[in-house]
Amino acid sequence: MSAVLEVRDLHITYASSSGLVPAVRGVDLEIAPGETLGLAGESGCGKSTLAMALLRLVPPSTQITGSIKLAGQDILTMKPGQLRAARWAQASVVFQGAQHVLNPVRRIGRQIDEAIEAHGSASVSRAGELLDLVGLGARRGDDYPHELSGGQKQRSLIAMALACDPLLLIADEPTTALDVMVQAQILQLLDNIKRERGLSMLFITHDLSVLSHTADRVAVMYAGRIIEVGAGDALLRNSLHPYSKALTASFPIIGDPSSRHQPRGLAGDPPDPNNLPSGCPFHPRCTVAIDECQSVDVQLRHAADDEERSVACVLVGKS
Ligand SMILES: Nc1ncnc2c1ncn2[C@@H]1O[C@H](COP(=O)(O)OP(=O)(O)OP(=O)(O)O)[C@@H](O)[C@H]1O
Ligand code: SF4
Ligand SMILES: [Mg+2]
């Protein structure tokens with residue numbers, strides 16, 4: 001079956017007052033129908049930039065090259081009208097702390113219907129059905145945003161994102177601002193919806209333990225590139241890239257008694273996109289780096305003993 005999302009050689013460069021910021025530097029990825037791809041990495045590695053660019057929701061001065069095909073259509077060459085139609089109807093976004101997106105003086109149900117009217121042609125209210133779907137209950141459609149808790153607001157935003165039956169839901173840290181119990185409920189909700197509707201999902205998080213429940217495949221980003229990608233469980237339990245290893249060691253895998261319970265921090269910080277180290281950008285923090293890491297142009301390549309795994313490290317594949 002053809003991919004819902006297919007990204008090839010994507011480069012995204014912001015134009016800021018201090019110069020060009022190469023935030024995403026050559027990303028390839030695809031998401032199959034009904035598949036969830038988890039995208040992980042530390043703060044600043046380019047996750048949100050990649051997510052927003054998928055619907056061209058980046059500042060107009062941003063340079064984007066490569067291709068982004070959503071249901072076979074290239075987002076980067078779409079005219080504004082086509083792009084407006086693709087947003088919500090083909091892909092929609094739920095992001096962290098997005099509650100301020102809700103209009104404080106309009107009832108929740110009305111806001112959901114307005115989203116449908118603005119992007120589709122529905123003449124019958126679907127707000128009640130969607131609020132039921134996200135477990136809020138149709139009658140909460142009469143509430144104003146201030147009458148809802150953080151978790152309930154996030155549920156209504158998920159309802160809104162599903163209003164036009166998108167093929168792909170992009171969830172950028174959708175639970176980070178919520179407490180642990182509510183986080184778990186929202187994750188369960190997203191998983192149920194994905195299964196019931198056959199939705200594809202790009203699930204972005206800096207918390208790898210969240211992905212052990214939600215992701216079919218996981219991609220790890222560092223300094224604007226994907227440095228490891230593979231089947232979710234296999235990657236989380238046995239990551240091969242030294243950065244992914246450090247990242248997975250930092251988070252206990254929920255429900256796995258053999259996993260670490262003492263999160264172990266990763267030393268140092270990710271590089272500034274304006275001042276990237278030569279060679280492998282992870283080399284200043286890598287505990288197993290060899291001399292050639294300072295100059296080698298590391299590319300993703302298949303790992304020897306796992307067909308689904310690709311890794312960008314000179315040591316992977318060497319004995
Ligand atoms: N509008 C912008 N103009 C210039 N630089 C930007 C802009 N937005 C983000 N950046 C820079 O691009 C890089 C990637 O940022 P991005 O927000 O994509 O990271 P992230 O992986 O989502 O991080 P986080 O986990 O903190 O959300 C960072 O260095 C950031 O400072
Ligand atoms: S290429 Fe070298 S520096 Fe980069 S992750 Fe592999 S061993 Fe470490
Ligand atoms: Mg982000």
Side-chain angles (χ1 to χ4, degrees), residues 7 10-27 38-64 93-98 170-177 202-208 210-211 219-228 239-251 266-301 303 309-319:
V7 172
L10 186 67
H11 292 254
I12 306 167
T13 306
Y14 291 111
S16 77
S17 52
S18 53
L20 298 176
V21 182
V24 170
R25 307 179 304 117
V27 161
L39 185 64
E42 286 167 291
S43 184
C45 66
K47 305 179 299 294
S48 296
T49 301
L50 173 59
M52 294 300 144
L54 295 179
L55 286 171
R56 270 166 59 190
L57 294 168
V58 288
S61 59
T62 310
Q63 299 165 16
I64 312 182
V93 194
V94 178
F95 44 96
Q96 173 186 347
I170 301 166
D172 188 356
E173 311 256 11
T175 60
T176 305
L202 176 65
F203 193 101
I204 296 172
T205 181
H206 63 272
D207 181 352
L208 278 167
V210 161
L211 294 180
V220 181
M221 263 185 108
Y222 190 78
R225 288 190 174 162
I226 289 174
I227 52 91
E228 180 161 5
S239 26
L240 299 176
H241 191 286
Y243 176 65
S244 325
K245 278 187 181 168
L247 210 59
T248 48
S250 304
F251 296 100
L266 185 60
D269 293 308
D272 176 349
N274 276 323
N275 194 15
L276 290 169
S278 61
C280 171
F282 188 55
H283 83 75
R285 301 171 80 191
C286 184
T287 53
V288 292
I290 53 176
D291 284 350
E292 71 176 279
C293 298
Q294 294 179 33
S295 55
V296 71
D297 180 19
V298 272
Q299 301 289 335
L300 269 181
R301 54 183 184 177
R309 189 84 62 98
S310 294
V311 185
C313 171
V314 291
L315 296 186
V316 176
K318 289 190 176 179
S319 55

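In each ligand, atom 1 is the first atom listed, and ligand 1 is the first ligand listed.
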When you look at CG of Asp272, are more than 12 heavy atoms from neighbouring residues, nucleotides or ligands closer to it than 6.0 Å?
-> yes
Heteroatom proximity flag, Lys47 to ligand 1, N/O under 3.5 Å = yes
Based purely on interatomic distance, does Pro273 place a nitrogen or oxygen under 3.5 Å from a nitrogen or oxygen of ligand 1?
-> no
Are any side-chain N or O atoms of Arg309 and backbone N or O atoms of Ala303, one a donor and one an acceptor, separated by less than 3.5 Å?
-> no
What atoms of ligand 1 come within less than 4.0 Å of a heavy atom belonging to Thr49?
-> 14 (C), 15 (O), 16 (P), 18 (O)
Looking at ligand 1, does any of its N/O atoms fall within less than 3.5 Å of an N/O of Ser48?
-> yes
Quick one: does Gly41 get within less than 4.0 Å of ligand 1, heavy atoms only?
-> no
Within-cutoff protein neighbour (heavy atom, under 4.0 Å) for atom 13 (C) of ligand 1 = yes
Can you list the ligand 1 atoms lying under 4.0 Å from a non-hydrogen atom of Gly46?
-> 14 (C), 18 (O), 19 (O), 20 (P), 21 (O)
What residue and atom, counting heavy atoms only, is the protein's closest point to atom 10 (N) of ligand 1, and at what distance?
-> Tyr14 CE1, 3.4 Å
Do any nitrogen or oxygen atoms of Ala23 come within less than 3.5 Å of a nitrogen or oxygen of ligand 1?
-> no
Are the side chain of Arg225 and the backbone N or O of Gln299 linked by a donor-acceptor pair below 3.5 Å?
-> no
Is the His241 ring parallel, tilted or perpendicular to the Phe282 ring (thresholds 30°, 60°)?
-> tilted
Find the distance between OG1 (Thr62) and CD1 (Ile12) and round it off to the nearest 0.5 Å.
-> 8.5 Å
Got a second to check how far Leu55's CG is from Ile170's CD1, nearest 0.5 Å?
-> 4.5 Å
Any donor-acceptor pair under 3.5 Å linking the side chain of Glu228 with the backbone of Leu240?
-> yes
Quick one: which of Ala15, Ser18, Cys45, Gly44 has a heavy atom closest to atom 23 (O) of ligand 1?
-> Gly44
Protein residue, atom and distance nearest to atom 26 (O) of ligand 1, heavy-atom basis = Ser43 OG, 2.5 Å
Work out how many protein N, O or S atoms lie closer to atom 6 (Fe) of ligand 2 than 2.8 Å.
-> 1
Nearest heavy-atom contact between Val27 and Gly224 is CG2-O, 3.7 Å
From the list Lys47, Glu173, Glu42, side chain to side chain donor-acceptor pair (under 3.5 Å) partner of His206 resolves to Glu173
Could you tell me the separation between the CG atom of Leu20 and the OG atom of Ser61, rounded to the nearest 0.5 Å?
-> 9.5 Å
Intermediate values then yes/no, side-chain contact (heavy atoms from CB on, under 4.5 Å), Phe203 and Val210 = CA-CA 10 Å; Phe203 193 101; Val210 161; 3.5 Å; yes
